[in-house]
Amino acid sequence: MDLNLLVGGEAGQGVQTVSGALSTILQRSGYFVFSIEDYQSRIRGGHSFTQVRFSTTPLRAALKEVDILACLNEETYQLHRRRVKEGGWVLGAVGNEREAHFQHFLPLNFEKIAEGVGNKIFANIVAVGAILGILGLDLESADSYLEEIFARKGEEIVEKNKQALRRGRDEVIPYVSSPLIEETRRGNSSLLVLDGNQALGWGALLSGCQFYSAYPMTPSTGILNFISSHAKEYGVVVEQAEDEIAAINMAIGASYAGARAMTATSGGGFCLMAEGLGLAAMTETPLVVVDAQRPGPSTGLPTRTSQGDLEFVIHASHDEFPRFVFAPRDPQEAINLVIRAFNLAEKYQVPVIILSDQYLADSKWTYENLEVKERPDAPQFSSFPLPYRRYLISPSGVSPRAIPGLGKALVVADSDEHDEFGHLTEDLNLRVEMHKKRMRKKETMRKEVRLPYHREGKDLTLIGWGSTWGVIEEAGERLKAEGIDSGIIHFSEIYPLPLQIEELFSHVSLPVVVENNYGGQLANLLERELKLPFPFRINSYNGRPFLVEELLLKVKEVGKNG
Amino acid sequence: MDLNLLVGGEAGQGVQTVSGALSTILQRSGYFVFSIEDYQSRIRGGHSFTQVRFSTTPLRAALKEVDILACLNEETYQLHRRRVKEGGWVLGAVGNEREAHFQHFLPLNFEKIAEGVGNKIFANIVAVGAILGILGLDLESADSYLEEIFARKGEEIVEKNKQALRRGRDEVIPYVSSPLIEETRRGNSSLLVLDGNQALGWGALLSGCQFYSAYPMTPSTGILNFISSHAKEYGVVVEQAEDEIAAINMAIGASYAGARAMTATSGGGFCLMAEGLGLAAMTETPLVVVDAQRPGPSTGLPTRTSQGDLEFVIHASHDEFPRFVFAPRDPQEAINLVIRAFNLAEKYQVPVIILSDQYLADSKWTYENLEVKERPDAPQFSSFPLPYRRYLISPSGVSPRAIPGLGKALVVADSDEHDEFGHLTEDLNLRVEMHKKRMRKKETMRKEVRLPYHREGKDLTLIGWGSTWGVIEEAGERLKAEGIDSGIIHFSEIYPLPLQIEELFSHVSLPVVVENNYGGQLANLLERELKLPFPFRINSYNGRPFLVEELLLKVKEVGKNG
Amino acid sequence: MGNLFDSQVEIAWCPGCGNFGILRALKGALTELGFSPEEVVLVSGIGQAAKLPHYIAANVFNGLHGRSIPVALAVKTVNPRLLVIAESGDGCMYGEGGNHFLHALRRNPDITVIVHNNQVYGLTKGQASPTSEEGFVSKAQPWGNLSLPLNPLSLAISQDASFVARGFSGDVDKLKEIIKEALTWRGFSLIDVLQPCVTFNRVNTFAWYKERVYYLDDSYQPEDRIKALEKSLEWGDKIPLGVIYQHQRPTFQDKIYSQIEEEDLIYRGVNFDDLFSRGLRLFT
Amino acid sequence: MGNLFDSQVEIAWCPGCGNFGILRALKGALTELGFSPEEVVLVSGIGQAAKLPHYIAANVFNGLHGRSIPVALAVKTVNPRLLVIAESGDGCMYGEGGNHFLHALRRNPDITVIVHNNQVYGLTKGQASPTSEEGFVSKAQPWGNLSLPLNPLSLAISQDASFVARGFSGDVDKLKEIIKEALTWRGFSLIDVLQPCVTFNRVNTFAWYKERVYYLDDSYQPEDRIKALEKSLEWGDKIPLGVIYQHQRPTFQDKIYSQIEEEDLIYRGVNFDDLFSRGLRLFT
Ligand SMILES: Cc1ncc(C[n+]2csc(CCOP(=O)(O)OP(=O)(O)O)c2C)c(N)n1
Ligand SMILES: Cc1ncc(C[n+]2csc(CCOP(=O)(O)OP(=O)(O)O)c2C)c(N)n1
Ligand code: SF4
Ligand code: SF4
Ligand SMILES: [Mg+2]
Ligand SMILES: [Mg+2]
């Protein structure tokens, strides 16, 4: 069983509430949920929708074909009607009779029905009720969810929502001969639903992050909200900075003072952080920075998704220094990679950049056994011979790190080129040694990086990075089912590329690089590092994530030409 | 004849005055001069020196071996004595007799001699006099130069400087059996001496640049000073901004309003401009930005040279957009490339980045016939059908540009993704068309880019970019003289790489890429674009320019291994 | 309200938002002062307020978050015949853009800055802004905002800004009059406009403002800097509206043009041949 | 002056520079207050002034031009037991770093900000700074600076900064006393120090300052905000020195720690196992 629900309306009609409600109710009923959010950069009006897919087995991607389309307004119908499956359902006071060639077209007026409960604002919950009715789920989980989220608004609101839910359900019941859900499951309390932003925030909390500074910027703001909501419990200082420059400099200051520190932003804010990134590198202060990508250039499309910043973050800031660039494939990996990022930032005293995107940030995944394999390394601040040399020139390039105020060592950090003590220098031989020392870390760092996820396939190999893993994986499986033996290489740890990468690519079938950007930035990186051409590329840059069926079509097209 | 002078002392002793004096006097006496400046990031103390090389034929690089070393302090002697040729001269109250194995060791106490004129501050001019004496130049040009530059300090100071000059000359005369200058030339008034910053500024003036905003940052500040000093004559608005973010946003605003606009900075400031760069790209506002490179990361070495920012500026700002990246090889080309940059920025409505560096910025070149081949295109703001579509989707990607207030067109520019009229849009199909439109420009832009300077050579090919041209050229000639047939490929227009680049590289002898950075950034770019390995690289990152002899040695080493 | 400045673009604000009042007042002011759309340039940053220029038929530069002032300053300098207005939210102007605001006060460019001060970050969904009250609760500040609100008026007066006013979007007519004064003022003019955000600011609502605001009467002398500073500190039960401070001084454009002794840049035309021959004389 | 805070690093300032006085005063204040080097963190930006931390034996973070305040604020927050001083030039603090300065006033972190105000960009060789006088001539401003100088004191007081003072580097003893007051003050303290630059500022010389400065006497009440604003506007023939304004209010660190109810961050230690098990409960 694999069902796909789409609910749309305008901003302000509560589409996001629907998404939260459906995802949670379905999860609590024992299903694996995968949902995506599509919205505009405005608070009211326009068009937004959510897709909630669920199944009895784990899901990793969004589909194009829809089983139930619930329309809170006419536009939703016009925009999405072609995606409804033969035999699917359309709910809403939309379209006109002539168009009702669907098996199930129920022209429910959600707002009118909601008015029956007292206010049209309950229309979204009416829609949830109607959907649950068609699915054939009882309202138990739904009721308790409504109680939770509306509790702070008072008893009356909770009651009205429950009524709205029932009215919706009751409207559809007469038309439902057999409910869509065939396999009922008992509530599986071990299922977890979480989105990318929560996962990144959670990763920080689990890492013992003690300082988080950021300036709000979609789609990274959810991390700020999440960490703030747990700051008290975890003892994290969270500060909204006056701008991104302050945000990164605060994080660096906090890290210098001994705290694990992180900041997050999106591309535009990352631009402003570029100088700070170099400061972290030069002062060798551990730092974790999340760039939640959205389409650009410039302000671009604030609420859409993109993988357009890879080349930028690899090269950001003037002159050269080593850094790690990671891009988690899903929330579970996001948690793990953030922990890993903190550990490695500290181990090598370098900045680590985590590339997220709107798709990862806002989408919800479900896990039965969330695997958090990484463990935060306890920081080691031992004692040092005095006078303390912050930048001792060592074979590995890493110097023992002391924290100001925690011992007798005076810790001198400098953004200028400096001597071993941290004092500024104009000794150009020393400069050469210091630059080598910093760059030397890259060799060990390369060894640290894990090989990409790899599944061999004889006919072709789909290559991707970051949040596209799930959709590539599912497209790959469908290809296999159609007799095309497709393999996968998927990068979550992108930079530096691991040492054995050449070997891995020495026996790969027709490589097709799939990216959510125009230029094929991973493909370019591979061309440069491997000195091999990667001519077959699938690139999307409309601000939306790949859907399984679309990707499948595109791969087949390449297949024809390749 | 080819002579090399080195004068050193501490900051505050007037080494830069010596450099200006010697360069100008020698130029006015009819010689081709090439000088470099080496100084620390401080105003007094430390060590700084200038090297002034001159000849009867044009010069393009600095040498290691020195004919006359003039030491305003002991340190200068200790640091540079090994560079004095057999038979060369050492001047100054330095070293000790035992070390005086030079043929000509004159332990002159410049400060004492200067005190004879009234003040030890004239020591630097005493040294100039001594050097002129050894060279055998009469003091006519020197006198008139002193008159010019000290005029605003009054008659008395001019006189004392002239006396200091004579005292210096008189001290050495007894020891000069035959003056170093064999070929005397008559003053050649058509010889021009200029440094890179002047050239970049001059290029802007010649382009009709009407607006220059910048925040001071070494080594770009000389451009600000130069343009300011001519702002009145040329009618240029020059504004020192509160920070680099303001500087680039002002320049963009000015360009939107119809003025040719430029800004300049160094790497750290360029970081802060990255977001503005994307704004120029998204709003399709022409913009010229100079990045005068210095070693980093971070504050690094403010007064030293580097070619470390190439990869950064190619990828700076999130997501993708086309841009030109140019790097002039010398001041003459700097003038031409700035004019070209303004023309192309306007033609394609894109940002153009010019990479300079401290070496180019501060060094003085001499030209007999300065060739300014480029001509500024007069901007064409015609009339347009109304309502005006600022972002008309055109086959070339370039849309007709109107200027606000100069006609009936309402000019709407937007950093968000927008429709043809410039209004923000959430139409994702339109987004795709707009992104394609912008990216489409790159194809025509590639055709616009000129092939690198190329001279074939059978044994090896030295490859470089920007300010290293002269030293590579001279090293190449010396190799030839030694029987090694070395060719050269030198890029001044680096990005995008021109279309025919693959062809050019298809028949190139052993390529050796010479760069003033650690990683070999041009080599990396070539590897990526050509899918060919460039394993032979010569990289220097000590903050100093290559000297001819040093480069030669390094090339030979590579030759041994290659 | 059929108007020369009407735009076709659909308005993306929430119904009931205070921004509508500012839009009406600004369009009214432009019309009543007899400007035509081509003469007007609206420069904005990013945020809900920053969308306003799209809703007016005029020249528009909708740039980066926080960076409207440097753009506006340059536009006005290049073409002083244009009427240049920089307009954006409190987060944009006082947060991300605080440094440009501060230094514009020193320069005194002849532009008008209109700040839609809803004391919250609207477009990013409700975080505290620089002008949010201490204790303001949001998802990002569940424990309440820990900082004092910025006082933009005292800040401006402390640096001798040329014209400093406060308006209220709930009173379109009076706001329009203040805007007209600012637009005709020669020099930098700031209007901080109290603007209810019906979605994210449940503290400083329309009613909250309505209860507190009052207009300065004719006895108030906006030329006295110390009095103005004192007045600017008034916030709480009573919030003064109107022109708090004014002081004529030479504008940035006046000074620049007296230096370069040229026609307004954009109209002087560039004679490239002349440039060229002058240029070649430079070094010879 | 053999002193616990003596550093081995060679001083790169010009002989006669006002910076030496500030260095002496600061070292004196630290010694007299009985601090030890490990307890002190000096944070600076880039410029001549910003080199100072290298000349004192203490913990040092010499960061980016303009960005010392966010770093200092974070260091103090993470480890409130440290004495944290942000120190840099007028260009660094009020120009590039203007926005951080402005917003620090709102937060009131318990740090001391010392600005070496030589009214010029020293390290980059003499351009006008935000505090340069109108008309100040330099290579970058051959026609003279066109902007009004920033008034950092009025700016700070306008935002109710906790402690605002002005010192003069030519009077080391008195400056030392002011620094001691600032260092022991709980909350944000600003000392704007008039510092002659003997190389690039030929207008505001030692003699120029000497002739004009005077100390506020005991009758002056630094608690009155309006009086303080008035006093802060005094500049010209007479320039007041001393504590211009002070007003106790809760510090940023007080508020943060009352929220998170934890020991000072860095001392509480992190129990990773505990974090982990608490974390796993979060979503379940
Ligand atoms: C560099 C950068 N940082 C952050 C953002 C995200 N952002 C967009 S609008 C906004 C705040 C809007 O608040 P305000 O300026 O008060 O305007 P309002 O929406 O309240 O009218 C932010 C933080 C951005 N676009 N660019
Ligand atoms: C981002 C950035 N922009 C510009 C510079 C160049 N810079 C270094 S110091 C300085 C000005 C110094 O003036 P001030 O802060 O007043 O210090 P002073 O040297 O006068 O003590 C500038 C502009 C820089 N280092 N970084
Ligand atoms: S979120 Fe607030 S400011 Fe934005 S449009 Fe809605 S009500 Fe207005
Ligand atoms: S340049 Fe000025 S501020 Fe810098 S050290 Fe010299 S005198 Fe002091
Ligand atoms: Mg706001
Ligand atoms: Mg200064």
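Reminder, nothing fancy here: chain letters follow the sequence lines and each chain counts from 1.
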Relative to chain B, which segment of [X] carries a heavy atom at a distance below 4.5 Å: side chain, backbone, both, or neither?
| X | value |
| --- | --- |
| C:H54 | both |
| C:V75 | both |
| C:A57 | both |
| C:V78 | side chain |

| query | Pick one: which of C:N151, C:L155, C:D192 meets side-chain contact (heavy atoms from CB on, under 4.5 Å) with C:Y94? | reply |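 Running side-chain contact (heavy atoms from CB on, under 4.5 Å) over C:N151, C:L155, C:D192 with C:Y94 returns exactly one hit, C:D192.
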| query | Between B:W202 and B:F226, is the ring centre distance below 6.0 Å? | reply |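 For B:W202 and B:F226, the ring centres are not under 6.0 Å apart.
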| Is the centre of the B:F32 ring less than 6.0 Å from the centre of the B:W365 ring? |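 No; B:W365 has its ring centre 6.0 Å or more from that of B:F32.
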Side chain, backbone, both or neither: which part of [X] has an atom under 4.5 Å from a heavy atom of chain C?
| X | result |
| --- | --- |
| B:D377 | backbone |
| B:S207 | backbone |
| B:A409 | backbone |

| said: Only pairs of heavy atoms separated by less than 4.5 Å count here; which of C:N79, C:L64, C:V9 has the most with chain B? | reply: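 Heavy-atom pair counts peak at C:L64.
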| Which residue out of C:L42, C:I46, C:N99 racks up the most heavy-atom pairs below 4.5 Å with chain B? |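 Greatest number of close heavy-atom pairs with chain B: C:N99.
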| task | Identify, with sequence neighbours excluded, every residue that meets side chain to side chain contact (heavy atoms under 4.5 Å, CB included) alongside B:A246. | result |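 If we apply the side chain to side chain contact (heavy atoms under 4.5 Å, CB included) test to B:A246, skipping adjacent residues, the hits are B:A241, B:E242, B:D243, B:M250, C:P70, C:H100.
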| task | Could I get the full list of side chain to side chain contact (heavy atoms under 4.5 Å, CB included) partners for C:L33, not counting sequence neighbours? | result |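 So C:L33 forms a side chain to side chain contact (heavy atoms under 4.5 Å, CB included) with C:F35, C:K180, C:L183, C:T184.
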| query | Just checking, C:R107 and C:F188: is the charged tip under 6.0 Å from the six-membered ring centre and within 45° of the axis? | reply |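 Cation-pi check for C:R107 and C:F188: fails.
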| Audit row: B:H418, B:H423, ring pair (Phe, Tyr, Trp, His ring centres under 6.0 Å) steps and yes/no | CA-CA 5 Å; B:H418 40 254; B:H423 293 302; 9.9 Å; no
| field | C:V113/C:I69 under side chain to side chain contact (heavy atoms under 4.5 Å, CB included): CA gap, chis, key distance, verdict | value | CA-CA 8 Å; C:V113 172; C:I69 289 179; 4.1 Å; yes
| said: Heavy-atom pairs under 4.5 Å with chain C: which of B:A231, B:A254, B:G276 has the most? | reply: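 Most heavy-atom pairs under 4.5 Å with chain C: B:A254.
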| Partner chain C: residue of B:D419, B:I252, B:T283 with the largest heavy-atom pair count (under 4.5 Å) |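 That would be B:T283.
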